[in-house]
Every structure is written in C-alpha cells, then in structure tokens.
Number of protein chains: 2
Amino acid sequence: MNPMTINEMTSDECSAVLVRASFGRLGCSLKDQAYVVPIYLVYDASYFYALSTEGRKIEWMRKNPKVCVQVDEFQGESNWVSVIAYGEYQELTEPQFTQERNHARHLLEKRPSWWQTALAERELKAAKNIIDPLFFRIHVVSTTGLRASD
Amino acid sequence: MNPMTINEMTSDECSAVLVRASFGRLGCSLKDQAYVVPIYLVYDASYFYALSTEGRKIEWMRKNPKVCVQVDEFQGESNWVSVIAYGEYQELTEPQFTQERNHARHLLEKRPSWWQTALAERELKAAKNIIDPLFFRIHVVSTTGLRASD
C-alpha cells in the first residue's frame, strides 16, 4: 500500500506557488470549447503578467475574458503541487495601461530571453500578416490547489 | 539575435508526440469558464484513455464533452514541442463499454503506480462521500502543434 496522500491547499499556500512560477498553462474557452497553451508568466499582487502575439489565445480571450492558469511543481510522482487560478483577461493597451505595461515588462524581463518565444511566434506568423506582440494580465479572483506527498 | 525558430507541426508529427505521452493537461469548460488539470493518460488509435475519480473535471465533462488535451516535451527554452488535441469525452461505463474499459486498464497499467494518484484523490474525497474511480476516453478529432528549435 503506497502512503501517498493528496491534500487541499490553503489560499496562502496556493499564492506561494503562483509567486514562484515563471511558467504555466493558460486555459481559455470559446463557445464552450476549451483551449490550453503553455505560457511564460509572472505573478504579482493578484495579477499574472504575460507577453504574447496575436493568435488564437488572444482572439479567444478578447471574446471571453474568463480564463484560468494552471501551475504545478513536480518533484516526483508522489510529491507535487498543482494550483489552478481562475481570473479575468485584461489587455494592456496604450495609453490607458502604459503604467501597467511598464510594470509587466519590468517583471517579465527578469527572466533571461523572456521575449524569445513571443518573438519567434511573431516570425512564424509574419507570413500570415499577423501583428505586434502585446502585453496582457490576468486578474486572479480565486485559487484552488492540491498537494501530493508521501 | 537568438536563432530560435517556431514551426507548425504536421498531423503525423503531432500524433507521434501524443503516442509518446504519459502525462498532459486536460482542459474542459463549463459556461465558458475554462478549467485545466494535470492528468496521466495513454494515447492509442485516436483515443486518450485515463482513470479518474468523481470531481470537478468529470462533472464538467459530463455536462460539456468538448475538451482538449495539451501535451509538451521540453528539452530547453528554445527546444520544445507543444501539441493540443481537441476531442470529445466519453465515459467508459459498464456493461456498454466493458471491452474499452479493459483496453484502457491494459494500456494504463503499463505505467508503474498508475492507479496511485486517482486512489489518493479518492481518499481525499472519501470524507465528502464521493465515489469510485472511473475510466474515460477522449476521442481526438483534431490536433495542432508547434515545434521550437535553435
């Protein structure tokens, strides 16, 4: 009998995981079809910040801003945490959100080559006449998490 | 200038990634709220097979069977693939799906301790009077994938 147990995490424990994260899976939905995509992001004071290019996820989040972000830390099959954060998409357009955009850039640029994935995607899409990278944030309104331990 | 490029994958390349996967993120949606959860699974002949317990993902997929599975292989920040498979949830109830259920068990039990996470979740939920583990499959109807390389 394996001794692994799974326990629900408190809101504070979930927040601690989000603060440590630099990578997660973004879930969005359109006409009740879910879509999941890996994404680099930074969490600060109830917001995830991220950089992207135009594409399916941006198109879908503009139409339906109710999204989620799933983050996990995996040390082994019986030693992991997984947190899901529900929140609302907000595009950091200028000039309305210049300050928030600068804050996003400041947070994101701490990661080496933080712009690399978004720019490479832009190059892929250049042939299709799709557009400039953009900043967005997700206002996290609730979290739940599970912790497995042996 | 970093030489990373991102390219779209063919359907065959996507399938090869799904066949190698034993773990992914399941995305489901209810009333256009997305939900993402890590899950062990096996892919065989256009179907993902998985074991679960009752809970939010099962409840949501019963109400809205349009789901997706995101799988990635990460060798480095500029060397990865990410595939998203769209499909339809199907619960392997008995006696209608006894054969498919046995097939699912046969595929899943190749992974050591394959039942462990689902059983531990069952123990967590036991206090809430939630029920037995169940098998389900997802019929994959389309895939898209991106490959980053340097």
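No experiment lies behind these values; they were computed from the predicted model shown.
Between chain B and the options A/Leu30, A/Val36, A/Leu26, heavy-atom pairs under 4.5 Å are most frequent for A/Val36.
In this structure, the side chain of A/Asn64 engages the main chain of B/Asp32 through a donor-acceptor pair within 3.5 Å. Looking at A/Gln70, its side chain never comes within 3.5 Å of a backbone N or O of B/Pro38 through a donor-acceptor pair.
A pairwise comparison of heavy atoms in B/Ser29 and A/Ser29 identifies OG-OG, 2.7 Å as the closest pair.
Looking at heavy atoms from C-beta onward, B/Gln33 lies in side-chain contact with A/Cys68 at the 4.5 angstrom threshold.
Contact annotation for B/Val67: only backbone heavy atoms (N, CA, C, O) come within less than 4.5 Å of a heavy atom of chain A. Using a 4.5 Å cut-off between heavy atoms, B/Phe23 makes no contact with chain A at all.
More than 12 non-hydrogen atoms from other residues, nucleotides or ligands lie less than 6.0 angstrom from CD of B/Glu59. More than 12 heavy atoms of other shown residues, nucleotides or ligands fall within 6.0 angstrom of atom CD in A/Gln75.
Separating the CZ atom in B/Arg25 from the OG atom in A/Ser82 is a distance of 7.5 Å, to the nearest 0.5 Å.
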